[in-house]
2 protein chains.
Amino acid sequence: MLSVAYSAEAKHVTAARLAPQPERLEEVFCAVPRESFEAGEGVFWEGDQADHVFKVSEGVLRVFKIIADGRRVITGFLYAGDLVGLSLKDRYLYSAEAVTPVRLRRLARKPFAEALEKWPDLRPQFFARVCDEMATAQDQMVLLSRKSAEERVATFLMLLARRLHGCHPIGRRIHLPMSRLDMADYLGLTIETVSRTITKLVARGVISPEGRHDFAICKPGKLLALCGDGDSYEDTIDREPKMRQAIWPH
Amino acid sequence: MLSVAYSAEAKHVTAARLAPQPERLEEVFCAVPRESFEAGEGVFWEGDQADHVFKVSEGVLRVFKIIADGRRVITGFLYAGDLVGLSLKDRYLYSAEAVTPVRLRRLARKPFAEALEKWPDLRPQFFARVCDEMATAQDQMVLLSRKSAEERVATFLMLLARRLHGCHPIGRRIHLPMSRLDMADYLGLTIETVSRTITKLVARGVISPEGRHDFAICKPGKLLALCGDGDSYEDTIDREPKMRQAIWPH
DNA sequence: AGTCTCTGTTACACACCGTCACACGATTTA
DNA sequence: TAAATCGTGTGACGGTGTGTAACAGAGACT
């Protein structure tokens, strides 16, 4: 009985040797090889046994739920560095598909949990990730609940502008890897409305198109104001990289 | 240095003595006295230093965010037994107010974290709570993103019916402690729409009013169908793990 | 080239839901 | 008791966003 338990742990012990005491949560994923997915390919499906967690290393993923008559809700887009499948129990709550060609590392749940067990320093990082996920979900609820089409699109563009520029002020260029349908399903709108709204923003000189999937932000202040968050432009450019550190739990 | 660390822990050690090795996460809250709040009173505010976690022991709480021009989004209602303030970092992400008179236990973050540290058996429970919160948030995103007014109201009624009845099939009676405005801000609608929708459900004999804040569910199957989740009545009464296959897209 | 397919844009009628207005009952205040 | 206030219900109306189109542009293929 003991020997069985021991051999079951052997694999992960090996992995641990390769990366002794990782400093950052991502390093736990270094031991496993990367997998590739083509654009449009599914990674896992809502309701599947949630056996793995993932770390995106290249490309963009969409996570979504489907209801009744085929209505789709995209609950998030995941970029390089993001972890997927953390905050769930035995089954995936959503499906995940590649938007662009994607490379990711897949780690079985058990060694992941054991790593958290073995290196307590990783737990605050893990918890911080989950909290960010929660905060993002709440912002999304605000968007879906009370924002107009224009505010939704503006918010989305700002989101991508910030993401592309790391945590820096605001990037001037945005790349939208996903289709208009993806955007629509993320923003709770239709493709037509998304299209129209973008056209309107372009007409007003807030952004300017550089191909279908790229835009330049001409008036960042204006765009920010259109988000309807009550933030002013100054609030965002001075915003020091606010290191919100999880205090909790150790 | 060691002695300092030791004395800092002394208080919590005392608490631990009172309740040695709690089996359930809630028991961690037993050591602190209960506080009372009147209906409408605030418990904490978005942006406050998140120093405490709470356990509701009586009454109903609403948690909400406010944006720009005063628009309010209620992200959830919390009932007896629910924990508040788990999934956040240094500051509260939302405000909390009493809907009804509320009694709750307030526990400082530190002893709570220490309890999790000391009794690892509690950690899965903690994690499960956070996951439930996440799952709820995602269902809410689906509701706000893609459901019609009628589906939203129906979903809300079903939610309360299930909650009141524990996890049992479906309660036949629903009590709505909150105002129509609260419902509207939770469902992403206006009071008028909520009101009209309820009237319509009553007219069709799906539910029947028993005062302003109480309803009887006359046709549970019908109500469930109106939720737009694709579940049938039978699915919910003998809740088997439903295998959902995504058909979509590609 | 030419054709096909896929994605994105634009137009127009319509539906749902929000806005505004007022009525009603219950409770509080004068 | 009357008046005021609050929460709620209901009606008329209009706007935002939707659905169904047709159309345009880009890329893939023969």
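In what follows, every chain begins at residue 1, and chains take the letters A, B, ... in the order their sequences are listed.
- Nucleotides of DNA chain C nearest to A:S179 and B:T193 differ in position, and the one nearer the 5' end is that of A:S179.
- Donor-acceptor pairing under 3.5 Å, judged by distance alone, is present between the side chain of B:R196 and the base of D:dG11.
- A side-chain donor-acceptor contact under 3.5 Å links B:R152 to the backbone of B:L187.
- Judged purely by atom type and a 3.5 angstrom limit, B:S36 has no side-chain atom pairing as donor or acceptor with the backbone of B:R103.
- Residues B:M178 and B:R146 each lie close to DNA chain D; by heavy-atom proximity, the contact nearer the 5' end of the strand is made by B:M178.
- The aromatic rings of A:F44 and A:Y92 sit parallel, their planes meeting at an angle under 30°, below the 60° perpendicular limit.
- The closest donor-acceptor contact from the side chain of B:E38 to the backbone of B:T100 lies at 3.5 Å or more, if one exists at all.
- One atom, CG of A:D214, and another, C1' of D:dA26, lie 15 Å apart when rounded to the nearest Å.
- If you take CG of B:D185 and P of D:dT8, they are 12 Å apart, rounded to a whole angstrom.
- Rounded to an integer number of Å, the gap from B:K147 NZ to C:dC16 P is 18 Å.
- Checking the phosphate oxygens (OP1, OP2) of C:dG8, a side-chain nitrogen or oxygen of A:H213 falls inside 4.0 Å.
- Using a 4.0 Å cut-off, some side-chain N or O of A:T190 falls inside it from OP1 or OP2 of D:dT18.
- Remark: C1' of D:dT16 and CG of A:L189 are 11 Å apart, rounded to the nearest angstrom.
- In summary, B:E151 and B:R146 do not engage in a salt bridge, as defined by a charged side-chain N under 4.0 Å from a carboxylate O.
- One interatomic measurement links the two molecules: CD1 of A:I191 to P of D:dG17, which rounds to 16 Å at whole-angstrom precision.
- No contact: B:G211 has no heavy atom under 4.0 Å from any strand.
- The CG-C1' distance, from A:L181 to C:dT7, rounds to 10 Å in whole Å.
- D:dG9 atom P lies 15 Å from atom NZ of B:K200, rounded to whole Å.
- The distance between atom CD of B:E192 and atom P of D:dG11, rounded to the nearest whole Å, is 13 Å.
- For D:dT10, the base has no donor-acceptor partner in the side chain of B:R180 [N/O atoms by modelled type, under 3.5 angstrom].
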